[in-house]
Number of protein chains: 6
Amino acid sequence: MFRKLLSFLEEDIPFQDVTTDVLIPEKVVVRAHVIAKQSCVIACIDDIVYFLERLGLHAKKFVRDGDEVEKGTVLLEVVGPARVVLGVERMILNMLMHCSGIATEVRKLVKLVEKVNNKVRIAATRKTLPGLRYFEKKAVLAGGGDAHRYSLSDAILIKDNHIKIVGSVREALEIIKNKASFVHKVEVEASTIEEAIKAADIGVDIIMLDNMKPEEVAKVLEELRRRGLREKVLIEVSGGITPENILEYAKLDVDIISCGYITISSRASDMSLEVVEVIKK
Amino acid sequence: MFRKLLSFLEEDIPFQDVTTDVLIPEKVVVRAHVIAKQSCVIACIDDIVYFLERLGLHAKKFVRDGDEVEKGTVLLEVVGPARVVLGVERMILNMLMHCSGIATEVRKLVKLVEKVNNKVRIAATRKTLPGLRYFEKKAVLAGGGDAHRYSLSDAILIKDNHIKIVGSVREALEIIKNKASFVHKVEVEASTIEEAIKAADIGVDIIMLDNMKPEEVAKVLEELRRRGLREKVLIEVSGGITPENILEYAKLDVDIISCGYITISSRASDMSLEVVEVIKK
Amino acid sequence: MFRKLLSFLEEDIPFQDVTTDVLIPEKVVVRAHVIAKQSCVIACIDDIVYFLERLGLHAKKFVRDGDEVEKGTVLLEVVGPARVVLGVERMILNMLMHCSGIATEVRKLVKLVEKVNNKVRIAATRKTLPGLRYFEKKAVLAGGGDAHRYSLSDAILIKDNHIKIVGSVREALEIIKNKASFVHKVEVEASTIEEAIKAADIGVDIIMLDNMKPEEVAKVLEELRRRGLREKVLIEVSGGITPENILEYAKLDVDIISCGYITISSRASDMSLEVVEVIKK
Amino acid sequence: MFRKLLSFLEEDIPFQDVTTDVLIPEKVVVRAHVIAKQSCVIACIDDIVYFLERLGLHAKKFVRDGDEVEKGTVLLEVVGPARVVLGVERMILNMLMHCSGIATEVRKLVKLVEKVNNKVRIAATRKTLPGLRYFEKKAVLAGGGDAHRYSLSDAILIKDNHIKIVGSVREALEIIKNKASFVHKVEVEASTIEEAIKAADIGVDIIMLDNMKPEEVAKVLEELRRRGLREKVLIEVSGGITPENILEYAKLDVDIISCGYITISSRASDMSLEVVEVIKK
Amino acid sequence: MFRKLLSFLEEDIPFQDVTTDVLIPEKVVVRAHVIAKQSCVIACIDDIVYFLERLGLHAKKFVRDGDEVEKGTVLLEVVGPARVVLGVERMILNMLMHCSGIATEVRKLVKLVEKVNNKVRIAATRKTLPGLRYFEKKAVLAGGGDAHRYSLSDAILIKDNHIKIVGSVREALEIIKNKASFVHKVEVEASTIEEAIKAADIGVDIIMLDNMKPEEVAKVLEELRRRGLREKVLIEVSGGITPENILEYAKLDVDIISCGYITISSRASDMSLEVVEVIKK
Amino acid sequence: MFRKLLSFLEEDIPFQDVTTDVLIPEKVVVRAHVIAKQSCVIACIDDIVYFLERLGLHAKKFVRDGDEVEKGTVLLEVVGPARVVLGVERMILNMLMHCSGIATEVRKLVKLVEKVNNKVRIAATRKTLPGLRYFEKKAVLAGGGDAHRYSLSDAILIKDNHIKIVGSVREALEIIKNKASFVHKVEVEASTIEEAIKAADIGVDIIMLDNMKPEEVAKVLEELRRRGLREKVLIEVSGGITPENILEYAKLDVDIISCGYITISSRASDMSLEVVEVIKK
């Protein structure tokens, strides 16, 4: 991902840095700290350390992905030419703040649900910001969540638009059974109780109950249990789930709760980079 | 930006689409709508239309950047091979939802402040998500905000780390006066009233009052007025400004209020893509 | 994949085409045919047609991916400036010949095994030529095979080196059960009968019997059946399987036979491009 | 070529390595060997060593390009984080196996022909796999062959399609004589004895006898000798030449024998990467 | 800019270096000097040193950007494998010669004008060679000039074509005042005295007097002074200014003289790379 | 080369065009002309037309590569959205002006020498501006010159640094004769009469007399004639040749005169883009 981080840096400095290159001579060397300005869960710090070192800076991390840190914690020390340090400042902060914000939110949900259900998993979706999926999925893992699909190439998920085109869940599943690769699990999005039962009957690996209210989910689970199908599928609930209503879902016997907002509407964790010493002037 | 959008698409489909390529024959053609699932301000729709057409789809927009739309509005119609339409679905939604979310938040702030101050501008910062700055700044414009600096190459902004290295605001400004390009405005970040006054005295174009409370900002403004310097500089306030406290700043005679959260902690506007007709099967 | 094909073209013409640009005026327009010089199964022809059209040529295919064609069949007609047609000639032939060669070999294996076992699948591996995996996997599908994993990001496969580092199959599977994503199937490579049984016992989705002789495979299958585990896992055999010995494996009750040679040691299907008419001189 | 190898690696790990990242902690360091599993001629090992070191691994080669090695030979030792070593395993093996397979086949042909003709050269063609030409041509050199043209930009070769458009060999050669660069040799593809003689008469540097039987080639050579032209041109034979029929051509007084199959239909040399020590756990 | 320099290197060696790779064994190590073959002002040497080191060579500079050097000065010492040194020779010379040529010309102009006007600045334009703007602007700075706009994204410059479309300078400036960002200065191109005065009246930051004769420029200046507007705007003259006529402009009270020829018609400073020692053979 | 031109455009507009996007509404459509502001020889116009059309503009050329045009000639008409036309203006002008400047200079030299020697060719060198070699070599062809080597991969040229490392011209040629590819001509740089004679004796294709005075060149030619070697090699003179001294070389019986300055120190031909009609407002 070095090339991607480099292109992010070039986005912020397409030509010279017109302030720093004028103000600060090339030879000035500084020590700087990246500091958490609010408590958060850290994510993607290794990618940043690797990137800084490839740029020729000395970088030392004091925390690891998944660590919960307090406000004021020094996360990272960087030593090198002031021009380079100030040049990467904003980009690495933007990245760390964004990824740690995601990890922090995921951790919050994980802790919330584990009080009522110690088996359920919090999962991300493909609602990620363009170009940042690798980092955002890694942040979800750092927070204790499940990455879910990385892309359209890595698991089968039959969605409403597929069913609309093919005709029915049954037809879609028949095609998939015959033609899909044996390496992929098969997941189906069900928007009604009937679709969910039908899918379990035919034998899919995962059923996603999309935009169902908790009481509808409960009905699906009960019906599956009644038919002896509950143990044969994983049940994922998705659609409009937030910290406010998540416990209503978590209390039920579901396997996965997936939330798009943790990546597409994430709040950054505030951090800053502070020059703490001018080593050479 | 076609290449960037293409790389975003490739992120979502590094190889085949293992669901769609199995389920839906190549020849199937569909008509699909992109629909707003909540009211919002639209942004970056032209980039998406251009991209869809370059991919060989027919795309028609029903709204323009900056339009406020209601829940349920059809934003875009796409006609083309089902495989291609379903392949781009998630990427274009992620992009439109993210950018429109930013535009929506900016519009909200613009409307909020214009009730108390019809001159003040809402501006973005360089706290943007890596790789998305072009789109995010465009979204800020669509919302009615000011893009502020695009990168380190396009305006001079002397920040606290610069001053720490150089020694003082005065020294920094002297260097800048002598060596910076005549095409760039000069902005200085001031964290104390003294620094602000000194900067105005020396003659900068813009002073950013960083992380000051409204009452401190008021003192700076008063002191500038007292010295006859107020009309000679633009005053920008920045740091921790949210919808909750923005009016306290807007009520003062400031020129620009800049907020990092509108880009780095934006909430997506919900949208969906729905296949509305199978034209050819 | 347009960008990839474009880079392949630039590999063949880094600067001018020093023969054609001298010999043939810009305005000359030709009609040319791509012709099969031996019977084969076609693959990746859509990617080529799309690419030729994006270059501004008129391209019309007469066959589809997966079709078996005889020697002499016209596969594709191209009309456009002679300079462009001759410029892309070698690249598109190299691509079509390579991919069709793979599809042809896969089809041969599929037909071979279906005489003795109508359930077993022929699968590819990650032994693909660098940069060509998308095309090669597509060729495997065109031949009637299974693509298997596209990359290290899309399914879990615990290999001998993993086990060597972790300590044992049991330990590896325990970690995986706790920490891997629910969307991925779990496959384990077993090189002894004991490892295979242990893996089935713990409950994996797929067991790959690596480099086992047919009689060893038979023993594993018998033992699994005896323990009532056979229906609970898919059995893949791999390692040194060729057209010569494949029937010995296919005769057994295995689910998947995977072969690396079909992609990493493929034989191209011979084709040529012939100018059939000079339309404008 | 670092960027190309990096893109090959990214093809195999578009996101996380979902097996290794779960199973093996970041801090584990291993020593691993790349081992030949069959005798072969090595190619492109320097590119791989350079690439591994740029990734931060310690890599040490025990053989050089062009070396013939026995089954079981340790070719390369790699020391570094297990996650990185296992991440690059498949890509470097695919590359080394492919290139060494080409070098091995070329060496076989070189040895075959040198028994009957110590002047004739084995040459490759432009029938290379898209994106891999640099590596494949290097493998041909490692095997003792001649790389022939690298691209359409580096030598003049008038082929049948050119002649079809221009009208005749004579006309084509006249244009070339007037307009081509002085730095390039001129080669003509001749499919009849007459064309070959005419080309020699006009004065080209190389004549490629395309798809001629050995007895036809003999006639061309005799006629050229009779006219005192033999010493003035290089004679290349091409088209359908395999290990089975190559000696029939090599016995004749030809200068170059070129074979497309050595690159486009190459067989990989089998190799494996084995972790031989867990240095840090 | 490492990636850009790497692509420049690949332009010169798309495949092997067919001379050096044959002539010189891989193990040969040399020391080489880059020597000025005429007096010049150095530019972009740091980018070259950084690039050489990233390629694994030892590079040591003896001069700095902006230094004036005599013919015969050793600028740079490079130690490393002969193959690599000879491979980069031409590319680094082309870059250093081009950039130093620009810096040399700018320095000449700077010295020329400072005899008659110690305030006026020499500025570049956007007439730069495609792909080289970063380097060329840096060379202008090294010579003592002003970089002017880096791109269309970093300052507002209303040109004749804008005015032709919008209708008048007045209308254009009204739109700009309302809608442009506060961070950008506003510059207007004026081709008549009237336009210039009008622009100053409305209040722009910079007026570019385009293609005006010295006497016309003098009239504008006089009229501005008469109206008390002179101190409120920066005056830039541009269009057809060369070393021959520059003093006529410099003698006037203008602030900036911009010249396109210094980048788009630059003369390279002659340099050569000489192998001075074969360290290891 | 579309991707390269696109990256050149992105260099000039990394984000929005802050002037045009504010001033001119999206819907405005214009007709614009590219006009020669001095007489020149046109080069690379087809690449520009192709690029403009790929961007969705209508582009029509009125001249062809190699045409000599007078001041005031309309070269190209472009019709399309004003924003796009003004966005590409500078980049296409920079490219056309640079390439036409090269073609114009080459044509001047060609005409100069053909008065005294109707066989000698004007050739370029590898002293080209990084990233622009394809375009610059094409411009040389448009001017009537010879492109010479495109890169280090396409012909053998033994230079002084090679000889310094290998030991002598004789040794270098022996290695080349044994190991270089048969497709490449062999050229040697000779800096003394002795080296030139020795090279001709051994039998190279081309001898480059580097930095020799006309009288030294004459001696070499005479000596070659005396020994009956003149007809067996091409003689290229190079090094410090300018319009001022070129006739002294051209008068001699040399085959090629190569000049680095025509590409590395070229003077742009002045052109402008003028909006001639606002079609839609």
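Keep in mind that the numbers below use all heavy atoms, side chains included, and drop hydrogens, waters and symmetry copies. Lettering of chains follows the sequences in order, A, B, ..., and the numbering in each one begins at 1.
- Distance check: C:L234 CG to A:F182 CZ gives 7.5 Å after rounding to the nearest 0.5 Å.
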Between these two chains, chain A and chain C, I want each donor-acceptor atom pair under 3.5 angstrom written on its own line with its distance.
residue	atom	partner	partner atom	Å
A:R121	NH1	C:A180	O	2.8
A:R121	NH2	C:N178	O	3.1
A:R121	NH2	C:A180	O	3.1
A:D146	OD1	C:S181	OG	2.6
A:D146	OD2	C:S181	OG	3.4
A:D146	OD2	C:F182	N	3.1
A:N178	O	C:R121	NH2	3.1
A:A180	O	C:R121	NH1	2.8
A:A180	O	C:R121	NH2	3.1
A:S181	OG	C:D146	OD1	2.6
A:S181	OG	C:D146	OD2	3.4
A:F182	N	C:D146	OD2	3.2
A:F182	O	C:K185	NZ	2.8
A:K185	NZ	C:F182	O	2.8

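- The side chain to side chain contact (heavy atoms under 4.5 Å, CB included) test applied to C:A180 returns C:I156, C:I176, not counting sequence neighbours.
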